[in-house]
Number of protein chains: 2
Amino acid sequence: MSHPPARPTRRADAEQNVAKILDAAVACLSRDAGASVSDIARAAGVGRVTLYGHFPSREALVEAALTRALAEGEAVLGNLDLTGDPRDALEALITSSWLLVAQWTAVLEAAQEALPSGRVQELHAKPAQRVDDLIRRGQAEGAFRADLPAEWLTSVLHHVIHGAAIDVAKGRLDGADAARFIAKTILAAYAEPGS
Amino acid sequence: MSHPPARPTRRADAEQNVAKILDAAVACLSRDAGASVSDIARAAGVGRVTLYGHFPSREALVEAALTRALAEGEAVLGNLDLTGDPRDALEALITSSWLLVAQWTAVLEAAQEALPSGRVQELHAKPAQRVDDLIRRGQAEGAFRADLPAEWLTSVLHHVIHGAAIDVAKGRLDGADAARFIAKTILAAYAEPGS
DNA sequence: CACAACTCGAACACTACTGTTCAACTTACG
DNA sequence: CGTAAGTTGAACAGTAGTGTTCGAGTTGTG
């Protein structure tokens, strides 16, 4: 409780180190969800003790990394205009953010097994809601099929994006193609069956 | 090297224990890819030492479990007639095997991080090939879209099935709905865009 | 029945991780 | 420039896993 939040103002280099650590954490956890604190500290170019000076536990670090990744995502996706045709909106959302979302998912999964169950859902609720809203609106307007529940369509989107991220990471898919492939696939999967 | 394969015939109860262990391994690894040897031994109702008597290392155990899961899958999917309309064939393949495949994927992932890289692909090549063949045939016959590479379509199938398995495990999806949802989604995603 | 095959728990060495303490060092900042 | 804030590696305790050894007990099989 009295680790970093005790002092109202931290020294500039300390603040910078916190940022470096969070960068490294996102990078490491994206690559390997089980990355150790030592790995992250090394990647951040910082001593392990320094890291523990800023984050009292691995759990706190992972949560901070997730929170930061989500905040970054909010910054990008919050400005998107998703009010037009649901198909166009979804395509825009995918093309402009798939890599970001893929990185979310990786850190999200790291958090999944490092944080108490339910905590992740809690933090992730807002961004997930936006996608869900778009899909439901699309269903209501007849742009997306309504013979499958919105929860399932949301889930398919997440898993296809996540899968694409894995494929890119393993060299099975060109990163430049990914957004286009995902969009084409999802829009087809979401289309009204009798069209 | 001289663990079980030295004696040409093992005692009946030993053979039975090996089976119990493999059952437990598949069950445990499906639930948690990082399950420990102790966990698996306990689930099999067998001492840890006994387990090591049959499998020299965790790696060997995981590989045996994967091999066995794949063999089971072969037994089911090998008898399927996939020569008709590719759409029907794919739907049949999904409905009759999605749960099985979902279990594969879980063990597959466990193996992914317990076996040397590449070994998994090697063991998994044959069953993967069957799906790939079906998709390519569908594309050649105009039943499936050809504007996306077969590798991608295959990948989408795997990830949607895997995602559905996760959803079912987490209670977000009713297992009874899964096969139908997957089939509807995949067939739509695979359809020629201009249809 | 006799014996080899098998099982089992306890204990061991080893590795890898988390989290803490300490004492010395460097550096931002008033 | 002085000092408090921050950093650092080494060393430590604690936990959890893997894989091995041992010695005693159990049980299938010829």
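Residue numbers start from 1 in every chain, and the chains themselves are labelled A, B, ... in the order their sequence lines are given, proteins ahead of strands. For the numbers below, each heavy atom of this structure counts, side chains included, while hydrogens, waters and symmetry mates do not.
Residue A:Arg58 places its side chain closer to C:dG19 than to any other of D:dT18, C:dT7, C:dG19.
Counting any heavy atom pair closer than 4.0 Å across all strands shown, A:Thr50 reaches a base atom.
A:Arg10 contributes no side-chain N or O that, together with a main-chain N or O of A:Gln16, makes up a donor-acceptor pair within less than 3.5 Å.
B:Leu61 has its CG atom 15 Å from the P atom of D:dG17, to the nearest Å. Atom pair B:Glu15:CD and C:dT7:C1' shows a separation of 16 Å (rounding to whole Å applied). Atom C1' of nucleotide C:dC6 and atom CZ of B:Phe55 are separated by 15 Å, given to the nearest angstrom. Rounded to an integer number of Å, the gap from A:Ile40 CD1 to C:dC17 P is 12 Å. A straight line from OH of B:Tyr52 to C1' of D:dC22 spans 17 Å, rounded to a whole angstrom. Atom CD in B:Gln16 sits about 14 Å away from atom C1' in C:dT7, given to the nearest Å. A straight line from CZ of A:Arg42 to C1' of C:dT18 spans 15 Å, rounded to a whole angstrom.
Contact check, B:His54 against C:dC6: no side-chain N or O comes under 4.0 Å of OP1 or OP2. For the pair B:Asn17 and C:dT7, the criterion of a side-chain N or O lying under 4.0 Å from OP1 or OP2 is met.
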Pair up each side-chain donor or acceptor in residues 92-100 of chain B with any protein partner under 3.5 Å, not counting sequence neighbours, and list the distances.
{"from": "B:Thr95", "atom 1": "OG1", "to": "B:Glu91", "atom 2": "O", "distance (Å)": "3.0"}
{"from": "B:Thr95", "atom 1": "OG1", "to": "B:Ala92", "atom 2": "O", "distance (Å)": "3.2"}
{"from": "B:Ser96", "atom 1": "OG", "to": "B:Ala92", "atom 2": "O", "distance (Å)": "3.2"}
{"from": "B:Ser97", "atom 1": "OG", "to": "B:Leu93", "atom 2": "O", "distance (Å)": "2.4"}

Show every donor-acceptor pair shorter than 3.5 Å between a side-chain atom in residues 66-77 of chain B and any protein atom, with sequence neighbours excluded, or say none if there are none.
{"from": "B:Thr67", "atom 1": "OG1", "to": "B:Glu63", "atom 2": "O", "distance (Å)": "2.8"}
{"from": "B:Arg68", "atom 1": "NH2", "to": "B:Asp23", "atom 2": "OD1", "distance (Å)": "2.2"}
{"from": "B:Glu74", "atom 1": "OE2", "to": "B:Arg130", "atom 2": "NH2", "distance (Å)": "2.8"}

Dump the pairs, protein N or O against N or O of nucleotides 10-14 of chain C, anything under 3.5 Å, distances to one decimal.
{"from": "C:dA11", "atom 1": "N6", "to": "B:Arg48", "atom 2": "NH2", "distance (Å)": "3.4"}

Quick one: which protein N/O atoms are closer than 3.5 Å to N/O atoms of nucleotides 23-25 of chain D? Pair and distance per line, please.
none

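Residues passing the side chain to side chain donor-acceptor pair (under 3.5 Å) test with A:Ser30, sequence neighbours excluded: none. Looking at residues two or more places apart in sequence or on another chain, you find no side chain to side chain donor-acceptor pair (under 3.5 Å) involving A:Arg58. Residues satisfying the side chain to side chain donor-acceptor pair (under 3.5 Å) test with A:Asn79, not counting sequence neighbours, are none. Every residue two or more places apart in sequence or in another chain that forms a salt bridge (Lys or Arg N to Asp or Glu O under 4.0 Å) with A:Lys184 is listed here: B:Asp147.
Sorted by first then second residue, the salt bridge (charged side-chain N to carboxylate O under 4.0 Å, His left out) pairs that include residues 27-41 of chain B, not counting sequence neighbours, are B:Asp39-B:Arg42. Residue pairs meeting the side-chain hydrogen bond (donor to acceptor under 3.5 Å, both in side chains) criterion with at least one partner in residues 99-114 of chain A, sequence neighbours excluded, do not occur; the list is empty. Residues in residues 134-170 of chain B take part in these ring-ring contact (aromatic ring centres under 6.0 Å, His included) pairs, two or more places apart or across chains: A:Phe181-B:Trp152, B:Phe144-B:Tyr190.
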request  = Would you give a per-nucleotide map of nucleotides 24-30 of chain C, 5' to 3', where B means the base has a protein non-hydrogen atom under 4.0 Å away, S means only the sugar-phosphate does, and - means neither?
outcome  = ---BSS-

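The shortest non-hydrogen separation linking B:Leu153 to B:Gln139 is CD1-NE2, 3.5 Å.
When each of B:Asp39 and A:Leu51 is assigned the nucleotide of DNA chain D with its nearest heavy atom, A:Leu51 is the one assigned upstream, toward the 5' end.
Using a 4.0 Å cut-off between charged side-chain N and carboxylate O, A:Asp177 and A:Arg180 make a salt bridge.
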